[in-house]
Amino acid sequence: MRLRTVLLLWLTGVVCATPALGEDGARPATLPVAQPSVPATLQSYAAHVAAARSAFLLDEPSAARQWLADAPLEHRGFEWLFLKSMADQSDREVARTTGPAWQLAVSPDGELLAVATTEHQIQLVDLRGNVVRTLEGCTAEPYRVAFSPDGRRVAAGGADRTVRIWNVQTGEKERDWTAFNTPITCVAFTPDGQFVIAGNYTASASAPRVDGTLKFMTVATGEAAGEIRGLGVKPLSGIAVSPDGLRVVAGSWDGELWVCKIEQRSIEATIRLPDEGRYSAVNAVAWSPDGKWIACGSKDDTARVFEAASGRLMHTLRHGGWVTAVAFTPDSRRVLTTCADEQLRIWDVNAGTLCGKLRGHAGGVSAVAIAPDGNRAFTAGHDQRLLEFGVAAPNVEVLTWDGPKGCYGLSFSPNGDELVVNGYDGTLRVYDSHSAALLRQVTAHETSSNWSARSREGERVVTCSWDKTMRIFDARNLSHLRTIELGETPAYGCDISANGKRVAGAFGDKVARVYDVDSGDLLWTLEGHNKGLHEVSFSADSTHLATGAQDGSARVWSMDAGACVATMPRHNGSVEGVAFSPDGQLLATVGADGFAVVGPAGSDEQHWKRRVSGRGLQRVAWSPDGTRLAIAGDALYLIDASTGATLMRYIPRAGDIYNLRFSPDGDRLAMCSSEGWIAVIKAQARGKAAVSGELQREAKQ
């Protein structure tokens, strides 16, 4: 583990052991007697989760996995499951290899994988994980392996200075090509399958100077068919043939790419990697299927994309270690890279931007191959695991997309499949919460929409706006049911009762108002706050309403009498978020002072008060089981509801989080931003059954 990780984890321990701050941010002389002590096991759990997250931020997934494995079992919840799923984002482990892998290739039909291992073998593995056959004959480590275009043959070359060709169906060796006096560093078939091109370097006692060389062999006869010499003064490390079969590019440890004409057996161009003051030896090269791009990975922790026609550098893709392999998707829109830091990265070729990092290996990843359908990638590495990843839609735990300009309110449907979002542009939109597909859309207000909420039974949605109205919609088809005129003051926020019978609004004139949904009549005007209100929230049984105001207090109101039953002065600044616990017994509040408070809903007592962030907090939501709080601010904070301990901090995208909601089953969190992005975190990306089984196995151990 790097020194900076050790220091960061030490600091995390100091923070976790620090007493809570007072309301003014100063440390009290003694902890308030009323605050319950945090159990040692929970302190340990919070520290382990924080350490795991820190390790992920430092691109050290192995360290993160160890911290998670050591976390106390009894406290593992949403944040642990989320981080655990991040530790292995592969769709599955296909097989175990006999030794650390150098390279792998996928057959043209996508049914077989050929893996070159350190055990002097080539393993042919089907997608069910069965070793179909082992190709014998190598007397030293094979470095490179390739399928012929028709999938009938496999070629490999390595440390024993020999290129071998096997029949895939029988496993019998067809050719031994020994026209080399140094190790074979790269092997490829031409697109027509007539030739094998092998890269190495020539050197002898009489001519000790290294000379990068490509040699050609006729597959049908095994005869030599020419060579290209003078490709640098260091060993070649990778080759790739253009889709039209006219050119081959070779990468060299001297930091150069050599583009050669195959028919003429001649050098056409040289591409020199930029000198950044580091050893830029090329490890791997790839040519895009559309012929436009050449990519290479090197020992200076970068991959680079060049325009094939001109050799112009298009993008430099930064990594956390040596880049060991590169591969283009069949549509040439993405390039995948593997790295010594245990991760598979997916990049957008045109933009040069990172689409995602996928973890799963417990050691450096040395090889990647993409299935012909472009939907799957296979990786192998030092941990002897052969993994499959989804790359058409990367298996990451956060689904993020752009919504309307400014997203202020969102809520799940009762089955969790739909997400209702309102925006600054006045629209009300319904998305598929699993795919981000836009399902329905309506203009709710001609001016900006400030808020939206959905009744628990899921049939009705309420919105409020600067146009001084609240509007009720049928959530199933977004048809407009009723407009409630609010008078001279717009509502900053609104909520609809769980039974769908009442709506409430938070107003800047220091009051909350409650209306009947069916008639639109004003039922209650709730007065008592000294400043304007920012949020209102009904209890789950619809009998009470909580309000939060700029005066720093929260109040609870009876919906039978329209009277205040409790006033809770909780914050030094505006109360931005209020929420009842699922059983209605507790009230959580968050404020512009960065504090979160939880206490009984009917009194001014406080179970705990904690500074969550140095900046203001926006909203708070309870998990359906009442054990966690999700808090929106400059990041997503997951808090233990019983103690206030911070369990996870996560920043899914630039900009503050404005609002958030748990899915009805508690497995996901949706969030949105005033900048217009929407994200859904999947706590159990590999499926509830898989995670539950894993927890049961660990519990038995």
Side-chain angles (χ1 to χ4, degrees), residues 409-412 414 451-458 462 492-506 512-514 524 526 528-529 533-549 553-571 575-591 595-610 612 617-632 637-644 659-666 669-670:
L410 77 173
S411 53
F412 279 98
W451 199 264
S452 68
R454 186 170 185 162
S455 60
R456 182 162 297 186
E457 94 288 340
V462 60
Y492 285 96
C494 58
D495 195 20
I496 186 168
S497 61
N499 59 20
K501 294 182 178 180
R502 294 174 176 177
V503 292
R513 295 181 175 90
V514 181
W524 306 112
L526 309 178
H529 285 288
L533 278 65
H534 276 183
E535 190 180 9
V536 291
S537 179
F538 280 101
S539 61
D541 61 5
S542 304
T543 61
H544 291 83
L545 181 76
T547 58
S553 72
R555 294 186 177 222
V556 175
W557 310 79
S558 168
M559 288 295 94
D560 291 332
C564 179
V565 298
T567 300
M568 293 154 279
R570 294 184 162 192
H571 296 270
V575 176
E576 298 293 330
V578 294
F580 285 98
S581 60
D583 61 7
Q585 299 301 305
L586 301 175
L587 186 72
T589 63
V590 296
F595 279 82
V597 186
V598 168
S603 75
D604 60 359
E605 292 182 40
Q606 296 179 8
H607 285 344
W608 56 261
K609 182 174 184 176
R610 297 284 188 271
V612 175
L617 302 174
Q618 298 281 3
R619 300 290 179 263
V620 60
W622 290 81
S623 63
D625 62 4
T627 62
R628 260 68 172 174
L629 290 173
I631 296 176
Y637 298 90
L638 281 174
I639 307 295
D640 185 280
S642 62
T643 66
N659 209 340
L660 43 69
R661 288 289 184 269
F662 277 97
S663 62
D665 60 8
L669 260 173

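Contact annotation: the side chain of W622 approaches that of V598 to within less than 4.5 Å [non-hydrogen atoms, C-beta and beyond]. For the pair R628 and L669, the minimum side-chain heavy-atom distance is 4.5 Å or more. V597 has its side chain within reach of H571: a pair of non-hydrogen atoms, C-beta onward, lies under 4.5 Å apart.
The backbone N or O of A641 sits less than 3.5 Å from a side-chain atom of W608, completing a donor-acceptor pair. The closest donor-acceptor contact from the side chain of S542 to the backbone of A498 lies under 3.5 Å. A donor-acceptor contact shorter than 3.5 Å is absent between the side chain of S539 and the backbone of G584.
Residues A506 and H534 approach most closely at CB-C, 3.8 Å, considering heavy atoms. Closest approach of A566 and A601 over heavy atoms only: CB-O, 3.9 Å. Closest of all the heavy-atom pairs between V578 and V536 is CG2-C, 4.5 Å. Pairing each heavy atom of T567 with each of P569, the nearest pair is O-CD, 3.6 Å. The heavy-atom pair separating V575 from S553 by the smallest distance is CG2-O, 3.5 Å. For S663 against P624, the heavy-atom pair with the smallest separation is O-CG, 3.5 Å.
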Checklist line | side-chain contact (heavy atoms from CB on, under 4.5 Å) assessment of L526 paired with L545 | finding: CA-CA 10 Å; L526 309 178; L545 181 76; 3.7 Å; yes
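Between the side chains of D560 and S558, no donor-acceptor pair of N or O atoms lies under 3.5 Å.
Distance CG/L587 to OG/S537: 8.0 Å, rounded to 0.5 Å. Atom-to-atom distance recorded for F412:CZ and R454:CZ is 11.0 Å, nearest 0.5 angstrom. R555 contributes atom CZ, which lies 9.5 Å from atom CG of L533 (distance to the nearest 0.5 angstrom). Between the CG atom of D495 and the OG atom of S452 there is a distance of 10.0 Å, given to the nearest 0.5 Å. Annotation: the span from N499 atom CG to F538 atom CZ amounts to 8.5 Å, rounded to 0.5 Å. Interatomic distance, CD of E535 versus OG1 of T547, reported as 10.0 Å (0.5 Å rounding).
Not counting sequence neighbours, R502 has no partner by the salt bridge (charged side-chain N to carboxylate O under 4.0 Å, His left out) test. Residues meeting the side-chain hydrogen bond (donor to acceptor under 3.5 Å, both in side chains) test with N659, sequence neighbours left out: R661.
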